[in-house]
Amino acid sequence: MNASTIFLPKTNKMFGSAKNTIIRTNEKDVIMKKVIMDTLKKYKWKILIQITLLAVDIYLLTCPAKIIGDIIDLLQDMEGNKQLILNNTYYLLGICVVYLLVRLVWKYFETYISRGVEKDIKAKLFERFLKLKVKEIQQIKNGEIMSYFVKDTNEIRSTVYRILSHGSRIIFIFIITTFQMAKGVNLALTLATLCPIIIAIFLVIKIKKYVEINFKKAQDRFTELSEYIQESTDSIRTTKAYSCEGSQLKNFIIKNKMVRQSDNTVDVFSNLLTTCVDICFGLCYAISFIYGSHLVLEGTITVGELVTFNGYIALFVNPVNWMPTLIARWKRAQISYERLDHMFKLEKEKITVEKSMVEEKLEGNILIKDLNFNYPGMLDKALENINIEIKKGETLGIIGTIGSGKTTLMNLLTKLYNIPNGKIMIDGRDINDINIETLRENICYITQDNFLFSSTLKDNISLFKEDYKEEEIKESTKKAVIYEEISQMPQGIKTKIGERGSDLSGGQKQRVVISRAFLKDSSIIIFDDTFSALDNRTSKELLENIKELTQDKTCIIISNKISDVKQSDKIIVLNNGSIVEQGIHEQLVQQGGMYQEFFEQQSTKAEPSFLS
């Protein structure tokens, strides 16, 4: 939840390009098994068609060997069998054409299904991620998240592809080809030739566990490398400022080397599986030639039938070679499945409650009583014995040192964390009895990180909502004192900005974010240290517009500057999670506490006054 404004959008919508690919899921807990089963059910008819085409494809694949064997036997009397030889040749060409057409259609369905499965899993994973509680998200590193969306979903897609393609082909080839070998040539020769394949399967079962163990190590090291790259790109300015490129490169080389070593180990065991299968396959040919030649000399089978039999054996080459790869891929997919399943099982926010109406409008009267809060897994209290009352139309100023609990209090007000019943009341109702989407639709929270998306200014201000007209968005930029600068940009409000707003200055980013407050009709508006990068002239004009905006709304201003909060109806001073002082500006200046210290430290600075 890094959004710089928690207007927050309704939870059944997505930001950016994902907004059109939303997949609605049951409100019950979603686990990976259900996600995969639901996705496969969506493609069940296409899967059935693909498998049917695959069976036809395999049958057609066995025909050329039989036709070539028949032609060889007919060559013993070429003159007498000339027409039969030509007919068989035409038949062979016809089979090849039909085989090509069937294979093209089958490959289309195969690709469509595998890519569709990947798309749907990613969409459901992204939707789940948006619904997770903040405490769960904060425990996941950025590199790990990218690994979920890229490597793990691709492993699932690749496994579905191979099971439907290679797995089905192995089954059909063994059934259809073995039947043709036993019925059309010789049962004893068939059983003798298949013995090495049984040995190969036994060896695969024995070796596969080593593939699994080493792939798990490789996966973990890949995740570590992804996290390190993500962190390095995010901190590139700091790295350059302190000339840390050498140490960063050294650490990258070490981590990259570990990934290479892990991948090499996986490749060694995978190649060992392939080698064992190749040896066993060579034994199949040896048995066929030795025992088959003996049967020809006895007159049990013809030369053409022996050629046909060896043609059938050739059909086993790819399936036998696929088996270790398929098993290794299955073990990889199990690991990715478990990782994604863990992601889907993380606790999500409870969006709705029975006592609340989704579309209701809140007045904005806030009462906080004896509130205490610990972050999950932390012993020290982030907030202790907080008591505050704010009525509609009032402005509350919150000031304090860094880490005093200012932002934590706002996170609880927007219900980013669970809180006990009866501690925060809005309009006389427990916050836990209000739907989260209702609560957040009535709150505009301008956070201090000024997060901007890699999209147009219009999308960043409206947060990808289509409810607002372009004129309304432009008017909000005028109120936020950023309209003139946007007008000078190449495409105006439709100008696309870089990642995290890298094309804009700090002050411009703040004003783009603040313009969201003027766009949305919220009952409660929160400004969390959002004026720090503004010059005095711009700040004065902007604060006058904010004063007009908040006349009939509940307003909370969090700041480290006295000038931002001095004209508030009520001011509280936070220190180490507790309220140490509260009152109006004039009272607090006379009390001789922390507020007076802040005032004296800042009194020599010429800063604009909020709401003055």
Side-chain angles (χ1 to χ4, degrees), residues 2 18 31-33 35-36 39 114-115 117-126 128-129 132 136-163 166 204 207-236 239 244-274 322 324-346 499:
N2 268 337
I31 58 175
M32 192 58 194
K33 180 180 179 181
V35 170
I36 293 177
T39 303
S114 65
R115 291 300 178 185
V117 167
E118 181 184 22
K119 173 186 72 69
D120 291 348
I121 290 177
K122 283 182 177 179
K124 290 184 179 181
L125 180 63
F126 186 62
R128 185 68 177 190
F129 175 75
L132 290 179
E136 303 287 3
I137 295 174
Q138 289 177 336
Q139 296 174 2
I140 308 173
K141 296 181 179 179
N142 289 341
E144 186 177 355
I145 292 174
M146 293 307 300
S147 180
Y148 287 138
F149 279 97
V150 178
K151 196 171 182 66
D152 291 323
T153 55
N154 186 62
E155 285 293 344
I156 299 296
R157 179 204 66 80
S158 182
T159 302
V160 170
Y161 161 78
R162 281 174 170 78
I163 288 176
H166 296 174
V204 165
I207 299 173
K208 70 175 183 179
K209 63 180 181 180
Y210 296 104
V211 175
E212 176 186 357
I213 294 170
N214 287 281
F215 179 74
K216 180 65 170 63
K217 291 181 181 178
Q219 187 84 337
D220 291 340
R221 288 177 176 176
F222 175 82
T223 298
E224 291 176 7
L225 181 63
S226 298
E227 292 170 354
Y228 184 77
I229 293 173
Q230 179 71 40
E231 188 178 76
S232 298
T233 54
D234 288 344
S235 62
I236 188 65
T239 299
C244 298
E245 293 94 333
S247 59
Q248 288 279 73
L249 179 59
K250 183 179 179 181
N251 289 333
F252 175 82
I253 291 173
I254 294 173
K255 292 180 183 295
N256 197 27
K257 184 178 179 181
M258 292 173 65
V259 171
R260 184 196 65 183
Q261 291 173 343
S262 298
D263 288 341
N264 284 346
T265 305
V266 172
D267 290 341
V268 167
F269 283 105
S270 297
N271 289 332
L272 179 61
L273 282 174
T274 304
W322 290 336
T325 302
L326 190 61
I327 293 174
R329 178 66 64 178
W330 176 257
K331 304 310 292 185
R332 293 186 181 189
Q334 281 185 316
I335 297 170
S336 294
Y337 172 90
E338 290 170 1
R339 283 163 51 84
L340 291 173
D341 189 52
H342 171 73
M343 181 73 175
F344 275 101
K345 287 181 178 178
L346 294 177
E499 185 178 2

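Here the structure is a predicted model, which means the values were calculated and not measured.
- The distance from the OG atom of Ser226 to the CZ atom of Arg221 is 14.5 Å, given to the nearest 0.5 Å.
- A cation-pi geometry, defined here as NZ or CZ lying under 6.0 Å from the six-membered ring centre and within 45° of its normal, does not hold between Lys122 and Phe149.
- Between the OG1 atom of Thr39 and the NZ atom of Lys119 there is a distance of 9.0 Å, given to the nearest 0.5 Å.
- Taking the side chain as every heavy atom from C-beta outward, Leu225 and Phe252 approach each other to under 4.5 Å.
- Minimum heavy-atom separation, Trp330 to Thr159: CE3-CG2, 3.9 Å.
- For the pair Asp152/Ser147, a side-chain contact is recorded, criterion being any heavy-atom separation below 4.5 Å from C-beta on.
- Proximity of Ile335 to Glu155: side-chain heavy atoms (C-beta onward) are nowhere separated by under 4.5 Å.
- Once rounded to the nearest 0.5 Å, the distance linking CG of Asn256 with CD of Gln261 reads 10.5 Å.
- Between the side chain of Asp341 and the backbone N or O of Met32 there is at least one donor-acceptor pair closer than 3.5 Å.
- For the pair Val117 and Ile121, the minimum side-chain heavy-atom distance is below 4.5 Å.
- Residues Arg128 and Val35 have side chains not in contact (no heavy-atom distance under 4.5 Å, counting atoms from C-beta outward).
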Could you walk me through whether Thr223 and Arg339 pass side-chain contact (heavy atoms from CB on, under 4.5 Å), step by step?
CA-CA 12 Å; Thr223 298; Arg339 283 163 51 84; 3.7 Å; yes

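- Between the side chain of Ser158 and the backbone N or O of Asn154 there is no donor-acceptor pair closer than 3.5 Å.
- Taking NZ of Lys255 as the start and OG of Ser232 as the end, the distance is 9.0 Å to the nearest 0.5 Å.
- The side-chain heavy atoms of Tyr148 and His342, taken from C-beta on, include a pair separated by under 4.5 Å.
- The environment of CD in Glu231 is sparse: at most 12 heavy-atom neighbours from other residues, nucleotides or ligands sit within 6.0 Å.
- The CG atom of Leu272 lies 12.5 Å from the CG atom of Asp267; values are rounded to the nearest 0.5 Å.
- Interatomic distance, CE of Met343 versus CZ of Phe129, reported as 6.0 Å (0.5 Å rounding).
- The shortest side-chain heavy-atom distance between Gln248 and Ser235 falls under the 4.5 Å cut-off.
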Show the numbers, then the answer: is there a salt bridge (Lys or Arg N to Asp or Glu O under 4.0 Å) between Glu118 and Arg115?
CA-CA 5 Å; Glu118 181 184 22; Arg115 291 300 178 185; 3.1 Å; yes

